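For reference, the structure discussed in these notes is given below.
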Amino acid sequence: SLFSSSQASGVQVADEVCRIFYDMKVRKCSTPEEVKKRKKAVIFCLSPDKKCIIVEEGKEILVGDVGVTVTDPFKHFVQMLPEKDCRYALYDASFETKESKKEELMFFLWAPEQAPLKSKMIYASSKDAIKKKFQGIKHECQANGPEDLNRACIAEKLGGSLVVAFEGSPV
């Protein structure tokens, strides 16, 4: 194959990407106002010159949007993904098991069938670069179409049959 996984693509990760991940990960929000500004979901793309992974402008959901401008955050997140190109994304999933309520970050590689081959190759080969910056993420999901992003598939990724609800709705 053209790409061995050890051969990194040499793509850089923008500082802002790392900062957003850190903010989403630590969740040390004190005031309700700060909580509202926290990101529930954010999408990352390659810069136009393909040398850097950056935050995609305007492609985010804030915690404060949920229940206000966004009814179903996960559905909204899926609709933000481009039909014919690849993306990386972070999603702060809230779900319930029989024992407890949890919030955990999920990392997505979105590589739809209709994306150009070149795009699929560079996103796949640059995945390690961004994953290295996202230390401690338990859940990773590669999706090749909307059918990979249905609630059942996500629940499966988050803990299989132990998961009874995702984003407030029964699975």
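The shown structure was predicted, so the numbers you read here are calculated from the model rather than taken from an experiment.
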Would a single hydrophobic cluster contain both Val11 and Phe134, if residues Ile, Leu, Val, Met, Phe, Trp and Tyr are joined by side-chain heavy-atom contacts under 4.5 Å? yes

Would you compute the distance between atom SG of Cys141 and atom CD1 of Ile154 and round it to the nearest 0.5 angstrom? 4.5 Å

Is there side-chain contact between Val42 and Phe21, with at least one heavy-atom pair below 4.5 Å? no

Gln12 atom CD, over 12 foreign heavy atoms within 6.0 Å: no

Residues which pass salt bridge (charged side-chain N to carboxylate O under 4.0 Å, His left out) with Glu33, listed by chain and number, not counting sequence neighbours: Lys36

Beyond-backbone contact of Leu105 with Lys25, side-chain heavy atoms, under 4.5 angstrom: yes

For Ala152 and Val171, the nearest pair of non-hydrogen atoms, with its separation, is CA-CG1, 4.4 Å

Side chain proximity check, Lys131 to Glu140, heavy atoms < 4.5 angstrom: yes

Take atom CD in Glu57; do more than 12 heavy atoms of anything else shown fall under 6.0 Å from it? no

What residues form a side-chain contact (heavy atoms from CB on, under 4.5 Å) with Asp49, not counting sequence neighbours? Ser47, Lys51

Same cluster for Met24 and Ile130 if Ile/Leu/Val/Met/Phe/Trp/Tyr side chains link at under 4.5 Å? yes

Are there over 12 heavy-atom neighbours, none belonging to Glu83, within less than 6.0 Å of that residue's CD? no

Can you measure from CG (Leu90) to CG (Asp23) and round to the nearest 0.5 angstrom? 11.5 Å

Mind listing the side-chain donor-acceptor pairs of residues 107-124 below 3.5 Å, one per line with the distance, residues two or more places apart or on another chain?
| unit_1 | atom_1 | unit_2 | atom_2 | d |
| --- | --- | --- | --- | --- |
| Trp110 | NE1 | Pro82 | O | 2.7 |
| Trp110 | NE1 | Asp85 | O | 3.3 |
| Ser119 | OG | Asp85 | OD1 | 2.5 |
| Lys120 | NZ | Glu113 | O | 2.9 |
| Tyr123 | OH | Leu46 | N | 2.9 |
| Tyr123 | OH | Cys86 | O | 3.3 |

Show every donor-acceptor pair shorter than 3.5 Å between a side-chain atom in residues 60-71 and any protein atom, with sequence neighbours excluded, or say none if there are none.
| unit_1 | atom_1 | unit_2 | atom_2 | d |
| --- | --- | --- | --- | --- |
| Glu60 | OE1 | Lys39 | NZ | 2.8 |
| Asp65 | OD2 | Leu62 | N | 3.0 |

I want to check something: taking the side chain as every heavy atom from C-beta on, are Phe77 and Ile43 in contact at a cut-off of under 4.5 Å? yes

Residues Glu104, His139; criterion side-chain contact (heavy atoms from CB on, under 4.5 Å); working and verdict: CA-CA 8 Å; Glu104 289 176 2; His139 309 287; 2.3 Å; yes

Output for pair (Ile20 CD1, Glu16 CD), nearest 0.5 Å, gives 4.5 Å

Closest non-hydrogen contact found for Ala129 with Val13 is O-CG2, 3.7 Å

Looking at residues at least two apart in the chain, or sitting in another chain, which of them share a ring-ring contact (aromatic ring centres under 6.0 Å, His included) with Phe95? none

May I ask you to test the Arg87-Phe44 pair for a side-chain heavy-atom distance under 4.5 Å? no

Within the structure provided, determine whether Gln142 and Asn144 are in side-chain contact (heavy-atom separation under 4.5 Å). yes

Less than 3.5 Å apart, which donor and acceptor atoms pair up between the side chains of residues 156-169 and the rest of the protein, not counting sequence neighbours?
| unit_1 | atom_1 | unit_2 | atom_2 | d |
| --- | --- | --- | --- | --- |
| Glu167 | OE1 | Lys40 | NZ | 3.2 |
| Glu167 | OE1 | Ser94 | OG | 3.0 |
| Glu167 | OE2 | Lys40 | NZ | 2.8 |
| Glu167 | OE2 | Tyr91 | OH | 2.9 |
| Glu167 | OE2 | Ser94 | N | 3.3 |

Backbone N or O of Glu34 within a donor-acceptor pair of the Thr31 side chain at under 3.5 Å? yes

Report yes if the side chains of Ile53 and Cys45 come closer than 4.5 Å at any heavy-atom pair, otherwise no. no

Going only through I, L, V, M, F, W and Y residues with side-chain contacts under 4.5 Å, is there a path from Ile137 to Val55? yes

Distance, nearest 0.5 Å, that separates CG of Asn150 from SG of Cys153: 4.0 Å

